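One-based numbering along the sequence shown. Only a predicted model underlies this, so the values are computations on that prediction, with no experimental measurement involved.
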Amino acid sequence: MEEIVSIEPAARQPVFVGRQKELTVFQNWLKNEDALSALFAISGMGGIGKSSLLARMNYLAKKENVRTVFLDGNACPQTPPSFIEYVHSLLQSFHHEAPLDVLFHNPTGIRLLLCIDHFEGLAELRDWFLYTFVPQLAVNGIGIGIATRKPLPISIAHIQTLSLPLDYLSYEESVQYIKKTTSLFPKQIHDLANTTDGLPLSLALAVDMVTTSTNPDVRIVSQTISAKILKEVTAVSLHPLLEVLIVMEYANQEIFEAVLGQKVSLEDYRNLQLLSFVDLHPFGLKLHDVAKNYLLQDFQLREPSRLYQLHRSCMLALYQELTHASQTDRAIIASALLKMNQAMWPKHNAYASFTQRIHQVTTGKLIASDLPLLHELLNEWCLYSIDKQHEQNYHDFLNAIVHTEPDSITVLRDFNNKPIGMFIVLLYTTRAAPLLLQHFKTELNAIFTAEGCRQAALQADTYIPILVSAQDNLTAYTREELVGMLIVEQLVKLESGKRAILVATNDSLKQFLRTIGFKGRPAADTSCDASWSKSEIMELDLRTRPFGDWVLHMMPEEQKNNSLTVNHVRRILQAIQSPSELSQYCRLLTDCSDGHAVQQKVMQILHNPVGFSSEQQEVLLNSFVCHPNNTVKAAAACNMSRATFYRHQKKAIQKLTDMLAL
C-alpha cells in the first residue's frame, strides 16, 4: 500500500502558484516608471487567496526596489485623522521629512506601494478612503493594493482603478502546489487536487493535514472551511436563507419565503447579498460554487435528514416557479431543477457520471475553427460506440450538419476555449428530416413507423440525440463526468414539452437512461445492433407529462441512507465478491442502481486511503477481500492478535458506514 512520504519542514514554507493574469497586470504597472498611480482591488470570497496575492505583490514590489507599506484593515485606526497619522508613522521609516508628501505630491518620483489586507475591516472609513483619500494621491508613482470581499464600484479620474476578482485555482495549479509542498504519490496528488476544489485555503489545510496527520480525514478540512465561511455571517436571521442557497441553484425573496414559510425582510436579503461568497444570479442570489460545495458537505455531515427535507422543499418551490413562469424564464428554472437533482443520479456509470461538480469548463456554440477538433472527438467516440464500417458515415454527417444545422451542436470548452466535448442533438423537423434520413435511415425506421416519421417531422416535437462525446485524457475530469455535464445541459430542452428518442447499443448508456426515467423497448429487427450488443429504443416523452413532474419523480420519497446501519455494511462486506447478492442493498445507497455499482462503490472506498487509517484499511481488505471467512489468516496478515484485529475491524466498519451514508 502507498504511504505518505514525510517532507522537510523547509518545504512547508509559503508557496505561491497561479494568478498569472492578475500578476501580469501588476507587473506591467511595476515596470512602467511613468505609469499613473493605480488602485488594485483584489476581491473574492474568504479563503480564495486575496491575502496571498496581496503579499505576493508586496514581495514583487520589494524586488523592484519599490517602497512598500503593508497594513491590516482589522488593526487600523477607524477615523480619518488617526488613519493618516498611522500611515505617516509608517512612511517615516524611509522618508523622514514630510513623509505624507510622498503620497499626495511625490515631488521626487518615488515608487510606493501601499497594501491593505482585510479592507472590509475599515468599514467606517470605507467611503472616506475611496472618495477622499485615494483621489488626493499623487498622479504618478503610487500603488494602492487592497484585498476586499466584494468588488469596488469606483472610478477615479487621474488614477487607474484595476479590478482583480479571484476565482478558484485550476486543477493544474492545485497539482503544482501539492507537488511543491509534499512528496505524495501521483494518485494521492490527483485525489487531493480534486477534493480541494481549487480553493487555496482548502488546499493549504489539506496538504498540511496529509503531511502531518497519521490519520488524515478530508472531512475535517471541509468542516474547517465551512466554519471559516460561516464566520462572515454575523446575523442569525441570515442562517435560514443561507441554508436555502446551499441547496438551491439560486433564490430570490419570493422563493426564500415559499421554502421557509416566513416573511423575508429586504434588509436581510440585501445583507445576504453583501456576503463575499454570495453572487448575483439573473433570478436572484446564488452561492459561489466552491463555497456551496463545502457548506453542502458540512450540512450533510451534521444533519442529513434535515438537509433532505430542505432539498425536497426547495424542489417543490422551484416546481411552483416553473408552473407559473413565462416561456422565456422556464429554461433557467428547469436547469436549476435538474442541477438540484444531480445528487440522485449515478456516480459510477461508465457512460455518464455525476461524481463532482464541474468547474472551469463552459458550453457554447460551434465556431469554424472547431471542426478538426470535433472530428478528433468523433474518432474517440467511434472507438467505443459503433462498428468500424459505420465510422465514415458519422464523419460525413458531422460535416453536413455544420453547414445545415450548426445550432444542433453544443461544444464543451476548457479554460483555453479549446473544444473538449460535444453533444449533437437534432429537433426532428421537415427541414432536418432529409439529413437524418440520408445518414440514419435504418435507425429512424427502427424508431418510427412511416406515418409516425411523417407526423413527428410535421409536429416538430421530437429530439433525436445522435451522440455525446468528450476527451478522456484530461487530468481534472473523467470523460464520464464531462458527458454527464453535457447531458444535463441538453435535457433542459425537453422542458418545452418535447420527447427524446434514440437507438442505443451501449449497455452503460441504456442503464443510465433508465435511471433518469427513459423507457426502453427492443428494436423490431437486428439491423441496428452492434457486433457486441443488441440495440434498444430509448424514449423519454414529456409531451403530455410536465417536465417538473418528471424531475420530482426521480427524487425518492424518503432518504435512502437513513436506514443504513453497521450491520448492513458488515453484510455488504461479507457479500462483496457477489454482485447478485449485493443488489438487495441498492435501496440503501442513493447512487447505486445494481449490485455491480454497490461493489464498485465499496471497493473504491476501500482502496482510497483518505478517511481511513492504514490499520483500518488493512483490516477491511484482509477481512473481506484477501482472506474472507478466515479470521486467523486475516489477523496474521495484519500482524495483530485476534482481539486487536476485532477491535480495529469494528471501528473500521463503523467508519465505512459513515462514509457510505454521506
Side-chain angles (χ1 to χ4, degrees), residues 1 187-188 190-192 194-195 217-219 222 293 296-297 300-301 304 307-308 341-358 477-484 507-516 554-556 558-613 616-626 628 649 651-662:
M1 185 180 70
K187 172 70 164 58
Q188 294 171 314
H190 169 77
D191 291 343
L192 203 57
N194 270 334
T195 55
D217 188 343
V218 291
R219 292 180 296 179
S222 179
N293 192 29
L296 187 58
Q297 287 179 43
Q300 175 73 61
L301 283 168
L307 173 61
Y308 174 81
N341 211 39
Q342 277 181 244
M344 304 297 172
W345 291 10
K347 299 294 186 296
H348 305 291
N349 182 274
Y351 200 93
S353 176
F354 300 88
T355 352
Q356 58 182 329
R357 295 174 70 89
I358 305 286
Y477 304 111
T478 65
R479 170 192 283 152
E480 293 76 26
E481 288 164 349
L482 295 175
V483 165
D507 288 337
S508 296
L509 172 60
K510 289 184 276 189
Q511 180 191 33
F512 165 70
L513 293 176
R514 286 193 179 91
T515 303
I516 65 170
M554 285 190 284
M555 189 176 185
E558 56 186 50
Q559 194 175 23
K560 294 181 179 181
N561 284 339
N562 283 345
S563 55
L564 188 69
T565 66
V566 170
N567 286 334
H568 284 133
V569 173
R570 184 179 289 276
R571 289 199 292 271
I572 287 172
L573 288 167
Q574 288 166 344
I576 197 65
Q577 307 288 359
S578 173
S580 60
E581 287 186 54
L582 291 174
S583 60
Q584 62 183 299
Y585 301 105
C586 294
R587 61 185 178 81
L588 304 174
L589 302 169
T590 55
D591 56 354
C592 295
S593 56
D594 58 26
H596 284 286
V598 175
Q599 184 187 54
Q600 187 177 1
K601 177 168 183 155
V602 173
M603 292 303 294
Q604 187 176 29
I605 294 175
L606 290 183
H607 286 288
N608 182 356
V610 177
F612 285 116
S613 68
Q616 289 171 335
Q617 185 186 25
E618 193 177 11
V619 163
L620 288 182
L621 286 172
N622 279 299
S623 298
F624 302 105
V625 180
C626 302
Q649 187 190 71
K651 289 181 179 178
I653 294 174
Q654 179 61 65
K655 189 67 170 282
L656 180 60
T657 304
D658 294 341
M659 295 176 78
L660 287 171
L662 291 180

Distance col, row Ile516:CD1 vs Phe354:CZ, nearest 0.5 angstrom, shows 7.0 Å

Please check: side-chain N/O of Glu481 versus main-chain N/O of Ser353, any donor-acceptor pairing under 3.5 Å? no

Rounded to the nearest 0.5 Å, what's the gap from CG on Asn622 to CD on Gln649? Could you check? 10.5 Å

Could you tell me if the side chain of Val602 sits less than 4.5 Å from the side chain of Val569, heavy atoms only? no

Validation row: Tyr351, Gln511 side chains within 4.5 angstrom (heavy atoms): no

Side chain to side chain contact (heavy atoms under 4.5 Å, CB included) assessment of Leu620 paired with Ile653: CA-CA 8 Å; Leu620 288 182; Ile653 294 174; 3.8 Å; yes

Please tell me if the side chains of Leu656 and Gln616 come closer than 4.5 Å, counting only heavy atoms from C-beta onward. no

Any side-chain to backbone donor/acceptor pair from Gln617 onto Leu606? Under 3.5 Å, distance only. yes

Flag the pair Leu582 / Ile572 as yes when at least one side-chain heavy-atom distance between them is below 4.5 Å, and no otherwise. yes

If you measure from CZ on Arg570 to CZ on Phe624, what distance do you get to the nearest 0.5 Å? 5.5 Å

Mind listing the closest non-hydrogen atom pair of Val625 and Gln577 along with its distance? O-NE2, 3.6 Å

Pairwise side-chain contact, Glu480 with Val483, heavy-atom cut-off 4.5 Å (strictly under): no

